[in-house]
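Report on one structure; see the data block that follows.
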2 protein chains.
Amino acid sequence: MQLHRHDVVAKATQLLDDYGIADLTMRRLARELNVSPGALYWHFADKQELLGAVADRILVPASAAVEDASWSRRVVGLGTALRDALLSSTDGAELVSASFAAGKSERMIEILAELTDAATEGGIDASHADLAARTVLYYVLGFTADEQSRLQWDAAGALVDGQSVLTANPNARFAFGLKLLVDGIAAHTSVEVNALQENFE
Amino acid sequence: MQLHRHDVVAKATQLLDDYGIADLTMRRLARELNVSPGALYWHFADKQELLGAVADRILVPASAAVEDASWSRRVVGLGTALRDALLSSTDGAELVSASFAAGKSERMIEILAELTDAATEGGIDASHADLAARTVLYYVLGFTADEQSRLQWDAAGALVDGQSVLTANPNARFAFGLKLLVDGIAAHTSVEVNALQENFE
DNA sequence: ACCTGAACACCGTTCAAGT
DNA sequence: ACCTGAACACCGTTCAAGT
């Protein structure tokens, strides 16, 4: 039976979910698909391209466009949907972070574009809207990568109770940070805050 | 001549600067120090511990405390000092990100604590100040990692002029994002903005 | 106490040769 | 067109044995 790009990505996603990113190797993937390692290189140029495809597969649910809402609700909606998508796979945040940094995730580019639109509507000028959007993405990726690595320590049994504040209520904590960013964007159009801002210009 | 922890970290830092994080391997480091790979494991438990030590060495200049300033100036000062420290080494942001995520960088914990203090002074309550501080760190790490990977594409000759907005004025772009976060923190004490915020609660 | 030598169990990638 | 087999050039980590 012929090997197709789709099957490879599907098995890679399963490997990721079951064993984590460290065990998602080209050789192990090939073994699991009952092909030789070289076979994968007929379908993908290199490992990075394969990981990008896995990242985009994980991000499918996050691409559910949040239309017909205020810019701030769209930012919150996109950020929340992105986190949910990342959490649905083991090490999802780490994988997508790497693929995004390498410029290998098309869907992250899409999400970035939607966030940029929202930021523009929020009153950020065109030259800075992209950066505001990226700031949101850095936050979501950083927060979720952190969250997932803590989940793994906890699963390994290393529950330090001094850090319980960091593991409790992750949803509320995530929402708070997102709100901080939305407030920051909103501040750029809020006249009342502009006076306060002049200390930082 | 005996091998000391300090020499290993120094050579590792040099290797990082000269060839990047991909070439910072235990075997290569041992070869460069004229010892066998196993020798390194007498001084460090594993590679992660070694990388943490390198991260902390890179972060020394960022620990220059910014005392006697308003909370907002301290956030901007710490963020800027952190970025400068990361930029001084090839792949510095990637290395420190990994070490921070793994909980292996003491200095990042210190910087986090200073940012948390600043956020508290900025009016964020104790339960959320840590998160606000982390949000700043996620931003600085994300922005700088992005910046450094672009520097490498450019050095490799792949100059896409459509992305010139992203590579030009990185200092100004960085400052803008930092200001966004400071504004977000400030919004929590600004009564005028609280009315605006109620949409997101 | 500190290090060597050698092994163990892996990697990503390439490429002639097969079908 | 699609894949195998085998090689190339590596990894991180462990550990008996040496000094």
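Predicted model, so just to flag it, every value in this text is computed and none were measured. Below, chains carry the letters A, B, ... as their sequence lines are ordered, and counting in each starts from 1.
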> Are OP1 or OP2 of dA1(C) and a side-chain N or O of H43(B) less than 4.0 angstrom apart?
Replying inline: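 Checking H43(B) against dA1(C): no side-chain N or O falls below 4.0 Å of OP1 or OP2.
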>> On the nucleotide dC3(D), are OP1 or OP2 found under 4.0 Å from the side-chain N or O atoms that W42(A) carries?
In response: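 Checking W42(A) against dC3(D): no side-chain N or O falls below 4.0 Å of OP1 or OP2.
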>> Measuring from the side chain of A39(A) (C-beta onward, heavy atoms only), which nucleotide among dT4(D), dT13(D), dT13(C) has the closest atom?
In response: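 When the side chain of A39(A) is considered, dT4(D) is the closest of dT4(D), dT13(D), dT13(C).
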>> Can you tell me which nucleotide in dC3(D), dC3(C), dC11(C) comes closest to the side chain of R31(A)?
In response: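 The answer is dC11(C).
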> Of D23(A) and G38(A), whose nearest nucleotide on DNA chain C comes first from the 5' end?
Replying inline: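 Result of the comparison: D23(A).
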> When you match R27(B) and L3(B) each to their closest nucleotide on DNA chain C, which lands nearer the 5' end?
Replying inline: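 Its nucleotide being nearer the 5' end, the pick is L3(B).
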Figure out the [atom1]/[atom2] separation between [X] and [N], and round it to whole Å.
{"X": "L40(B)", "N": "dC2(C)", "atom1": "CG", "atom2": "P", "value": "14 Å"}
{"X": "L33(B)", "N": "dT4(C)", "atom1": "CG", "atom2": "C1'", "value": "15 Å"}
{"X": "N34(A)", "N": "dG5(D)", "atom1": "CG", "atom2": "C1'", "value": "16 Å"}
{"X": "Y41(A)", "N": "dC3(D)", "atom1": "OH", "atom2": "C1'", "value": "15 Å"}
{"X": "H4(A)", "N": "dC2(D)", "atom1": "NE2", "atom2": "P", "value": "7 Å"}
{"X": "E49(A)", "N": "dT13(C)", "atom1": "CD", "atom2": "P", "value": "11 Å"}
{"X": "M1(B)", "N": "dC2(C)", "atom1": "CE", "atom2": "P", "value": "14 Å"}
{"X": "D7(B)", "N": "dC3(C)", "atom1": "CG", "atom2": "P", "value": "10 Å"}

>> Could you tell me the Watson-Crick or G-U partner of dA16(C), where both distances fall under 3.5 Å? Say none if there is no partner.
In response: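 Pairing partner: dT4(D).
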> Within the structure shown, what part of the strands sits under 4.0 Å from T25(A) by heavy-atom distance: base, sugar-phosphate, or nothing?
Replying inline: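 T25(A): backbone/sugar contact only, no base atoms under 4.0 Å.
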>> Go nucleotide by nucleotide along DNA chain D from the 5' end; which of R28(B) and A45(B) gets its closest nucleotide reached first?
In response: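 Per heavy-atom nearest nucleotide, the more 5' residue is R28(B).
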>> Less than 3.5 Å apart, any donor N or O on the side chain of S89(A) or D17(A) sitting next to an acceptor on the other?
In response: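 S89(A) vs D17(A): donor-acceptor pair found between side chains.
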> Taking the P atom of each, how far is dC8(C) from dA9(D), in whole Å?
Replying inline: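 Taking atom P in both dC8(C) and dA9(D), they lie 22 Å apart.
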>> With a 4.5 Å cut-off on side-chain heavy atoms, are L131(A) and F143(B) touching?
In response: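 With C-beta onward as the side chain, the pair touches.
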> Between F174(B) and Y139(B), is the gap from one ring center to the other below 6.0 Å?
Replying inline: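 Centroid distance F174(B)-Y139(B): below 6.0 Å, so yes.
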> If you look at every heavy atom in A132(B) and A119(B), which pair is closest and at what distance?
Replying inline: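 For A132(B) versus A119(B), the nearest heavy atoms are CB-CB, 4.1 Å.
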>> Taking R27(A) first and then E32(A), would you say they form a salt bridge - that is, a charged N and a carboxylate O separated by under 4.0 Å?
In response: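 No, R27(A) and E32(A) are not salt-bridged.
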